[in-house]
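Because the structure is a prediction, the values reported are computed rather than measured.
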Amino acid sequence: MKIIITGSLGNISRPLATTLIAQGQEVTVLSSNSDKAAEITQLGAQAAIGSVSDENFLVNTFTGADLVYLMVPTDFGATDIRGYIKSIGGHYANAIKAAGVKKVVLLSSIGAHLDKGTGPIAGLHDVEQQFDQLTNLDLLILRPAFFYINFYANIDLIKHAGIIGSNYGADQSIVLVDPKDIAAVAAEKIQEGFTGRSILYIASDKRKLSEVALALGTAIGKADLPWIEFEDTQAYEGMVGAGLSPEMARNYVEMGTAIRTEVLWEDYNAKKAIPIGKIKLEDFAKQFATVYNG
């Protein structure tokens with residue numbers, strides 16, 4: 001098959017491209033960074049360099065594809081995160097329709113069943129709604145859980161304050177996923193083939209935040225590392241102080257509130273979904289230690 005992958009050589013797109021190429025698929029990787037072209041070619045894929053905001057570029061790239069994998073790249077400088085995500089979703093939807101693509105794998109998120117109160121995930125809710133309007137399309141929506149790699153943002157806090165935390169508590173549950181597990185599931189579903197419209201939750205583990213602190217702390221030689229729950233204002237000020245824009249910090253605090261109230265997992269739990277990924281918390285903890293000590 002001729003498959004287009006958006007997301008450049010990111011945490012999901014790179015392993016997805018590598019797996020599909022190994023299966024003998026003809027893969028094109030879309031990137032906005034021309035410096036990535038040589039690396040993409042070395043993987044065995046074709047490089048398409050351009051902006052996801054350029055619909056003409058998207059239509060030209062998507063035309064003739066058997067399947068397109070879509071993800072909205074993060075823009076930490078956006079002044080309206082939800083609006084930005086929705087706008088990219090609109091460009092994607094228009095290009096898919098104009099190019100006549102019949103199969104799409106759309107990367108969304110756990111919590112995207114909610115239309116508000118989830119920070120940046122609300123933008124992905126909007127994208128799902130945009131794709132619901134398209135006809136003559138086989139659509140597989142992936143809703144992965146909270147990425148393990150988000151915990152890297154806590155490294156400075158651990159090193160300087162000896163704590164880890166956010167605006168949700170140690171006794172609360174969190175559904176976790178590794179990007180490599182997302183890529184593996186996506187590749188498997190593409191290889192199997194799919195028809196119609198479906199939503200697939202992808203998780204690697206489900207634990208309490210106290211267990212996260214213990215696993216990460218033990219891996220870096222700080223077995224007594226405490227998980228501290230911050231007030232929303234503290235979390236916001238800490239994120240802005242660490243260099244995030246006020247808009248991004250506000251969105252992350254809102255997402256944290258959805259984790260604290262556990263509404264983020266309500267549809268996942270209602271569907272009795274279970275972690276299907278292979279990479280468990282303790283596996284990630286070893287990777288965390290490597291980055292922490294690097």
Side-chain angles (χ1 to χ4, degrees), residues 1 3 5-7 9-23 25 27 67-72 103-114 118 120-121 124-125 127-128 131-132 138-152 168 172-212 214-216 219 255 258-259 262-288:
M1 289 193 295
I3 299 174
I5 295 178
T6 61
L9 295 176
N11 292 307
I12 301 169
S13 298
R14 179 193 291 271
L16 176 58
T18 302
T19 301
L20 294 174
I21 291 164
Q23 292 172 351
Q25 312 288 13
V27 175
L67 181 144
V68 178
Y69 163 80
L70 296 171
M71 62 85 63
V72 177
K103 281 188 183 291
V104 166
V105 176
L106 175 65
L107 182 70
S108 183
S109 172
I110 199 167
H113 65 292
L114 297 167
T118 56
I121 298 171
L124 293 172
H125 168 86
V127 176
E128 288 192 15
F131 273 79
D132 277 345
D138 294 324
L139 176 65
L140 173 61
I141 296 174
L142 304 180
R143 286 186 181 170
F146 185 95
F147 284 26
Y148 286 127
I149 57 178
N150 290 339
F151 291 121
Y152 289 146
Y168 36 91
Q172 287 164 310
S173 296
I174 188 164
V175 187
L176 300 160
V177 73
D178 192 281
K180 292 185 286 295
D181 279 337
I182 302 170
V185 172
E188 179 186 341
K189 295 302 177 184
I190 290 170
Q191 182 79 347
E192 285 177 359
F194 58 90
T195 56
R197 294 169 182 245
S198 56
I199 294 172
L200 177 64
Y201 283 100
I202 307 176
S204 303
D205 212 342
K206 183 178 182 182
R207 307 291 280 270
K208 290 191 179 295
L209 272 306
S210 56
E211 295 177 274
V212 170
L214 177 61
L216 300 186
M255 183 172 72
I259 293 174
E262 301 200 355
V263 297
L264 207 62
W265 330 124
E266 64 181 6
D267 191 59
Y268 173 90
N269 291 333
K271 289 183 167 52
K272 295 183 167 45
I274 58 170
I276 56 176
K278 295 180 180 178
I279 301 168
K280 302 305 177 185
L281 173 61
E282 286 71 20
D283 301 317
F284 168 73
K286 295 173 187 174
Q287 181 181 323
F288 182 88

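- Looking at heavy atoms from C-beta onward, Val105 lies in side-chain contact with Leu142 at the 4.5 angstrom threshold.
- Applying the side-chain hydrogen bond (donor to acceptor under 3.5 Å, both in side chains) criterion to Asp138, with sequence neighbours excluded, gives Lys103.
- For the atom pair CG of Leu264 and OH of Tyr168, the computed distance is 10.0 Å after rounding to the nearest 0.5 Å.
- Side chains of Tyr201 and Asp267 form a contact here, defined as non-hydrogen atoms less than 4.5 Å apart.
- A donor-acceptor pair under 3.5 Å is absent between the side-chain atoms of Ser109 and the main chain of Ile121, judged by distance alone.
- Of the listed residues (Ile12, Ile182, Asp178), just one forms a side-chain contact (heavy atoms from CB on, under 4.5 Å) with Pro144, and that residue is Ile182.
- Checking side-chain atoms of Tyr268 against main-chain N and O of Gly111 turns up no donor-acceptor pair under 3.5 Å.
- Looking only at side-chain heavy atoms (C-beta outward), Trp265 and Phe146 come within less than 4.5 Å of each other.
- Here Glu211 contributes atom CD and Leu214 contributes atom CG; the two are 8.0 Å apart, rounded to the nearest 0.5 Å.
- Counting heavy atoms from C-beta outward, Met1 and Leu20 have side chains that stay 4.5 Å or more apart.
- Residues Tyr148 and Val177 form no side-chain contact, since every pair of their non-hydrogen atoms from C-beta on lies 4.5 Å or further apart.
- Once rounded to the nearest 0.5 Å, the distance linking NZ of Lys271 with CG of Leu200 reads 11.5 Å.
- Every pair passing side chain to side chain donor-acceptor pair (under 3.5 Å) that includes a residue from residues 272-284 is listed here, sequence neighbours excluded: Arg207-Glu282.
- Contact check for Thr118 versus Met255: no side-chain heavy atoms found under the 4.5 Å cut-off.
- Remark: Ser108 engages Glu128 in a side-chain hydrogen bond (donor to acceptor under 3.5 Å, both in side chains) (not counting sequence neighbours).
- In this view, Ser173 and Lys206, Lys208, Glu262 satisfy the side chain to side chain contact (heavy atoms under 4.5 Å, CB included) rule, not counting sequence neighbours.
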I would like to know whether Arg143 and Ile199 meet side-chain contact (heavy atoms from CB on, under 4.5 Å); could you show each step before the answer? CA-CA 7 Å; Arg143 286 186 181 170; Ile199 294 172; 3.5 Å; yes
Start with the C-alpha gap between Met71 and Ile5, add the side-chain angles, then the distance that decides, and say whether side-chain contact (heavy atoms from CB on, under 4.5 Å) holds. CA-CA 9 Å; Met71 62 85 63; Ile5 295 178; over 6 Å; no
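- His113 and Val263 make their closest contact through CE1-O, 3.8 Å (heavy atoms, listed as atom of the first residue, atom of the second, distance).
- Ring geometry, Tyr152 versus Phe284: the interplanar angle falls from 30° to 60°, so the pair is classed tilted.
- In this structure, Asp181 contributes its side chain and Ser204 its backbone to no donor-acceptor pair below 3.5 Å.
- Asp205 contributes no side-chain N or O that, together with a main-chain N or O of Leu176, makes up a donor-acceptor pair within less than 3.5 Å.
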Stepwise side-chain contact (heavy atoms from CB on, under 4.5 Å) check, Phe131 with Leu70: CA-CA 11 Å; Phe131 273 79; Leu70 296 171; 3.4 Å; yes
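- For Gln172, there are no side-chain hydrogen bond (donor to acceptor under 3.5 Å, both in side chains) partners two or more places apart in sequence or in a different chain.
- Between the side chain of Ser13 and the backbone N or O of Leu9, no donor-acceptor pair lies under 3.5 Å.
- Within the 4.5 Å cutoff, no side-chain heavy atoms of Val68 are placed close to those of Ile3.
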Please report, to 0.1 Å, the donor-acceptor pairs under 3.5 Å made by any side chain of residues 184-196, with sequence neighbours excluded.
from, atom 1, to, atom 2, distance (Å)
Gln191, OE1, Gln25, NE2, 3.3

Run the numbers on Asp132 and Arg197 for side-chain contact (heavy atoms from CB on, under 4.5 Å), then give the verdict. CA-CA 9 Å; Asp132 277 345; Arg197 294 169 182 245; 4.0 Å; yes
